[in-house]
Amino acid sequence: MKKFVLIPDSFKGTLSSKEICEIAEKKIKEIFSNAKVVSIPVADGGEGSVDCFLSAVGGERVTAEVSGPYFEKMQGFYGIINDGKTAVIEMAAVAGLPLVENNKNPLKTTTYGVGELMVDAAKRGVKSIILGLGGSCTNDFGCGAAAACGVKFFDGLGKEFIPTGGTLKDISRIDLSEKNELLKNVNVIAMCDIDNPPVGVSGAAEVFAPQKGADKDMVKLLDQGVKHLCEVYKNDFGKDLSTLSGGGAAGAFGAGAVAFFDADLKMGIDTVLDTVGLDDILSDTDMVFTGEGKIDGQSLRGKVVIGVARRAKKQGVPVIAIVGGADGDMSAAYDQGVSAVFSINRLPEDFSVSRYKSRENLEFALDNLLRALKVVDNKKR
């Protein structure tokens, strides 16, 4: 085998995608010493997306003082790629769950800092912004980000305010006319890896707010707020966002990105693969290694493994998924282009134990897999 492509997602809580690539490349070089290895660590919108883009295509990491989840000042960051033409912003950098730790409250947290990063990037002259929606601690429909970019929200008394999850219900009118001029000609692509709508039993609040600290009463209030905002937006602008696929991403920021920034809402992995030029890279590839912490039915809804497999299948390139765990029937994954699935865990241990063995387990799995491929490769000669 002459060329391997490594394009894994992270094993969350254990190994980053970059670490997985480094381990795999080292093992490949040990067994296929003359092989070319192309490493493309990826993330599909959540934490780590900026670093993955910078690692894959190069660019510049930019820092800026912005607002955190509770409007506190903090250092945010984003990436500049494509010769300064594109900014990559992950909302988790300034509105992510790790930033609130034991102080979770989606009624009060904001995406304001995300909007400040968008304005900062626009001042640098970018033509497009890739906005990663994932890992948020918010449920504000992206209103905070919109407000930071000049969108105005008014209550029933005509008073302007910055909505959070708990005050979406107070919005009476939305004014887009004073949105920052620098952003009006910037194309926004919002990356998400779910297809949930903004409201209802599959919506942002019902499905995701509990992990952000919401109890049952808060979930109900948040969902009512998102529903109310959808109604106000429909009345003001004639567009119904309440059933938008992917609109429930990141506390309904998916819908907000469309509403306030006219964003293209795309599966995160497809955006990543287009940006790194995977289709061209695959043209002379012999084997693709991808993977994620766990592959299951959810993985078929736009996750990294399936996104990569679909592209590779079109060019007849085999794909091996190396995962932390595999749950359920894999036949659907095989139909999408996955050639085989291998779990790295060697013993029937609880994750609380095996997580600390992830590196050695991955090395062991790769070593044996590559040895088997080497035997087959030698037989062909």
Side-chain angles (χ1 to χ4, degrees), residues 7 9-10 12 16-18 40-57 59-64 66 68-69 76-82 86-99 109-122 126 128-142 144-146 148-149 183 186-196 204 208 212 246-258 260-261 263-276 292 301-304 307:
I7 185 164
D9 196 356
S10 63
K12 289 179 174 59
S16 70
S17 52
K18 185 177 180 180
I40 310 172
V42 298
D44 51 11
E47 188 175 358
S49 293
V50 168
D51 288 338
C52 284
F53 271 104
L54 293 178
S55 178
V57 300
E60 176 188 3
R61 184 182 172 101
V62 178
T63 59
V66 296
F77 65 88
Y78 59 95
I80 297 287
I81 62 174
N82 293 344
T86 303
V88 181
I89 297 174
E90 61 182 68
M91 68 170 300
V94 291
L97 268 174
L99 297 177
T109 47
T110 183
T111 55
Y112 196 88
V114 181
E116 290 177 303
L117 291 179
M118 294 175 72
V119 171
D120 193 83
V126 301
S128 63
I129 292 175
I130 296 174
L131 180 60
L133 304 181
S136 77
C137 63
T138 56
N139 205 103
D140 74 346
F141 205 97
C149 295
L183 284 164
V186 174
N187 180 47
V188 178
I189 299 171
M191 299 167 54
C192 67
D193 63 357
I194 62 169
D195 55 11
N196 301 68
F208 303 108
K212 304 175 186 184
F253 201 161
V258 174
F260 307 129
F261 303 109
D264 293 321
L265 196 58
K266 297 178 65 175
M267 282 295 180
I269 186 58
D270 288 330
T271 304
V272 172
L273 300 184
D274 288 341
T275 303
V276 304
E292 57 190 45
R301 301 175 73 177
K303 297 286 189 176
V304 171

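Just so you know, these numbers come straight off a predicted model, no measurement behind them. Sequence positions, counted from 1, serve as the residue numbers for this chain.
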So if I apply the side-chain contact (heavy atoms from CB on, under 4.5 Å) rule between Ile189 and each of Val88, Thr271, Asp274, which one comes out positive? Thr271
Is the shortest side-chain heavy-atom distance between Lys18 and Asp51 below 4.5 Å? no
So, taking the atom named CG in Leu273 and the one named CE in Met267, what distance separates them when rounded to the nearest 0.5 Å? 13.0 Å
So, for Ala145 and Phe253, which heavy atoms are closest and what is the spacing to 0.1 Å? CB-CZ, 3.6 Å
To the nearest 0.5 angstrom, please state how far the CD1 atom of Ile81 sits from the OG atom of Ser128. 7.5 Å
What distance do Lys266 atom NZ and Cys192 atom SG have between them, rounded to the nearest 0.5 Å? 11.5 Å
Please determine whether side-chain contact (heavy atoms from CB on, under 4.5 Å) holds for the pair Ile194 and Phe208, giving the CA-CA distance in whole Å, both sets of side-chain angles, and the decisive distance to 0.1 Å. CA-CA 11 Å; Ile194 62 169; Phe208 303 108; 3.5 Å; yes
Testing the basics here: between Ala250 and Gly134, what is the closest heavy-atom pair and its distance to 0.1 Å? CB-N, 4.2 Å
Atom CD1 in Ile130, atom OG1 in Thr275: separation rounded to 0.5 Å? 4.0 Å
Asp140 side chain vs Gly144 backbone, donor-acceptor pair below 3.5 Å: yes
Trace of the side chain to side chain donor-acceptor pair (under 3.5 Å) decision for Thr138 with Lys212: CA-CA 7 Å; Thr138 56; Lys212 304 175 186 184; 5.2 Å; no
Might you point out which heavy atoms bring Ala190 and Ala257 nearest each other, and give the distance in Å? CB-CB, 4.0 Å
Apply side-chain contact (heavy atoms from CB on, under 4.5 Å) to Glu116 and Val94, showing your working. CA-CA 10 Å; Glu116 290 177 303; Val94 291; over 6 Å; no
Verdict with reasoning, Phe261 to Ile129, per side-chain contact (heavy atoms from CB on, under 4.5 Å): CA-CA 10 Å; Phe261 303 109; Ile129 292 175; over 6 Å; no
Close side-chain approach of Leu265 and Leu133, heavy atoms under 4.5 Å: yes
May I ask you to test the Asp120-Val66 pair for a side-chain heavy-atom distance under 4.5 Å? no
When every non-hydrogen atom of Ala95 is compared with those of Pro69, the smallest separation belongs to CA-CG, 4.3 Å
Evaluate Asp9 against Ile269 for side-chain contact (heavy atoms from CB on, under 4.5 Å), listing each step before the verdict. CA-CA 10 Å; Asp9 196 356; Ile269 186 58; over 6 Å; no
What distance separates Ile89 CD1 from Phe53 CZ, expressed to the nearest 0.5 Å? 12.0 Å
Measure the SG-CD1 distance between Cys52 and Ile40 for me, rounded to the nearest 0.5 Å. 11.0 Å
When you compare the side chain of Val272 with that of Met191, does any pair of heavy atoms fall below 4.5 Å? yes
Ignoring hydrogens and angles, tell me if any N or O in the side chain of Thr109 forms a donor-acceptor pair with the backbone of Cys137 under 3.5 Å. yes
